[in-house]
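Below is one structure, written out as structure tokens; the observations come after it.
None of the values given here were measured: they were computed from a predicted structure. A note on names: the letters A, B, ... follow the listed sequences, proteins ahead of strands, and every chain is numbered from 1.
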There are 2 protein chains.
Amino acid sequence: MRLTSKGRYGVSAMVDINNNGKEGKPVTLAAISERQFISLSYLEQLFRSLRAGGLVRSIRGPGGGYLLAHPASEITIANVIQAVNEPIRTTLCENAVRGCHRGRRCDTHQLWDAMGKHIYRFLDAVTIEMVCQKEVDLNNLELKPVEDIVTEVRMEQKIAKVS
Amino acid sequence: MRLTSKGRYGVSAMVDINNNGKEGKPVTLAAISERQFISLSYLEQLFRSLRAGGLVRSIRGPGGGYLLAHPASEITIANVIQAVNEPIRTTLCENAVRGCHRGRRCDTHQLWDAMGKHIYRFLDAVTIEMVCQKEVDLNNLELKPVEDIVTEVRMEQKIAKVS
DNA sequence: AAAATACTTGACTAAAATACTCTGGTTTAT
DNA sequence: ATAAACCAGAGTATTTTAGTCAAGTATTTT
């Protein structure tokens with residue numbers, strides 16, 4: 001999983017649908033484009049991925065648009081980010097089995113592995129619905145135990161920004 | 001704070017010094033270069049930042065090298081990553097005071113803010129010493145309460161990779 | 001004093017990734 | 001039929017990153 005502004009846009013779009021597509025009315029990409037300041041072409045690209053990931057379904061023709069494929073309470077931020085990003089290519093660090101450099105597991109492997117799990121646990125605990133409900137305190141969530149996290153982590157380039 | 005492979009290299013180098021510079025002996029960049037597979041030139045660039053950040057001190061001349069400026073138990077991963085990365089330029093999201101787009105705080109602002117804090121709390125809880133002590137379980141750390149976190153968060157491009 | 005070792009600094013560059021845009025479709029409701 | 005709306009792939013400009021190069025300066029050992 002990569003966290004990029006593509007993922008950010010994906011989440012914004014999903015939240016927009018949940019906020020504006022009440023009563024089963026589909027939301028058009030043109031409407032999302034205006035509200036979220038995302039170009040239509042780029043949205044089309046994003047929704048291609050979201051649709052392939054089973055997160056939205058579309059209704060074609062005039063009056064059509066997009067709907068969430070599941071209740072907002074069942075779609076996590078991790079789901080969205082995973083959907084819009086391509087599968088990963090290994091770059092710096094080989095996978096956990098092979099070790100990091102030339103068969104030797106690097107001294108910091110555990111650290112980056114733990115960090116990735118830590119991030120994932122957060123993103124997996126937050127749903128689209130929670131983002132829409134402003135009163136939810138995202139700073140004190142109940143996270144799933146680490147044992148339930150099945151991901152394997154790699155650190156690549158940019159990761160986050162905390163000034 | 002950005003998490004990049006530059007930060008990764010920085011942490012590797014700091015861990016290397018702690019592991020190999022016992023008894024107050026300085027560690028040369030050439031030695032780190034060999035052990036960690038980082039080019040000497042690039043290490044020089046990294047250590048310029050680490051030194052400016054007060055994390056290492058140098059001893060010049062033959063027999064010289066670098067020492068940790070503080071005990072490994074007092075240097076956090078957040079410290080290292082902060083030191084090697086340039087100050088941040090705002091791109092997508094304005095700061096917390098100004099709002100996100102044209103004065104309007106975006107619907108997902110809280111989410112990315114909370115995510116940044118979540119990541120920071122982890123990196124601030126892990127010290128160089130902990131990374132060196134393989135028996136520490138980084139997956140179940142005691143984190144500082146959110147109230148004590150003074151950072152402000154922005155999401156930019158790539159953020160993390162969790163396959 | 002000379003020489004070797006090692007740190008210091010700034011500028012520069014190549015490669016990769018990202019964030020889009022563009023063009024041309026196809027489907028479906030009215 | 002027509003228009004709204006989705007679908008798809010290729011392509012491109014920008015940004016960022018990772019890393020190099022060249023030319024120093026400081027310190028210790030011999």
Legend entry - Between C:dA19 (C1') and A:Asn85 (CG): distance, integer Å: 12 Å
Legend entry - Heavy atoms from other residues, nucleotides or ligands near CD of B:Glu142 exceed 12 (cutoff 6.0 Å): no
Inset, instruction - Could you check how far CZ of A:Phe37 sits from P of C:dC20, rounded to whole Å? - result: 14 Å
Legend entry - Candidate nucleotides D:dT20, D:dG19, C:dT21, ranked by approach to the side chain of A:Gln45 - the nearest: C:dT21
Legend entry - B:Thr127 side-chain N/O to B:Met130 backbone N/O, donor-acceptor pair under 3.5 Å: yes
Legend entry - Atom pair CE/CG of A:Met115 and B:Leu123 - distance to nearest 0.5 Å: 6.0 Å
Legend entry - Pairwise distance CG(B:Leu40) to CG(B:Leu29) - rounded to 0.5 angstrom: 6.0 Å
Inset, instruction - Would you mind reading off the distance between A:Arg48 atom CZ and C:dT21 atom P, rounded to a whole angstrom? - result: 14 Å
Using nucleotides 2-6 of chain D, report all nitrogen or oxygen pairs with the protein that are shorter than 3.5 Å.
none

Inset, instruction - Find the distance B:Phe47:CZ to C:dG10:P and express it as a whole number of Å. - result: 18 Å
Inset, instruction - Take atom CZ of B:Arg8 and atom P of D:dT16, then tell me their distance rounded to the nearest Å. - result: 23 Å
Legend entry - B:Leu43 CG - D:dA18 C1' separation (whole Å): 13 Å
Inset, instruction - Give, for atom CD1 of A:Ile81 and atom OG1 of A:Thr4, the distance between the pair rounded to the nearest 0.5 Å. - result: 8.0 Å
Inset, instruction - Look at all strands and tell whether B:Ser41 reaches a base, only sugar-phosphate, or nothing, counting heavy atoms closer than 4.0 Å. - result: base
Legend entry - side-chain contact (heavy atoms from CB on, under 4.5 Å) partner of A:Val126, the single match among A:Thr76, A:Val136, A:Val131: A:Val131
Inset, instruction - For A:Glu34, check side chain to side chain contact (heavy atoms under 4.5 Å, CB included) against everything at least two apart and list the hits. - result: none
Legend entry - A:Asn20 side chain vs A:Asp16 backbone, donor-acceptor pair below 3.5 Å: yes
Inset, instruction - To the nearest 0.5 Å, tell me how far B:Asn139 CG sits from B:Phe122 CZ. - result: 7.0 Å
Inset, instruction - Using atom CD1 of B:Ile38 as one end and atom P of D:dT20 as the other, report the distance to the nearest whole Å. - result: 11 Å
Inset, instruction - Could you tell me the separation between the CG atom of B:Leu46 and the C1' atom of C:dC7, rounded to a whole number of Å? - result: 14 Å
Inset, instruction - For DNA chain D, write out the stems as range with range, using runs of 3 or more consecutive Watson-Crick or G-U pairs with both distances under 3.5 Å. - result: C:1-30 with D:1-30
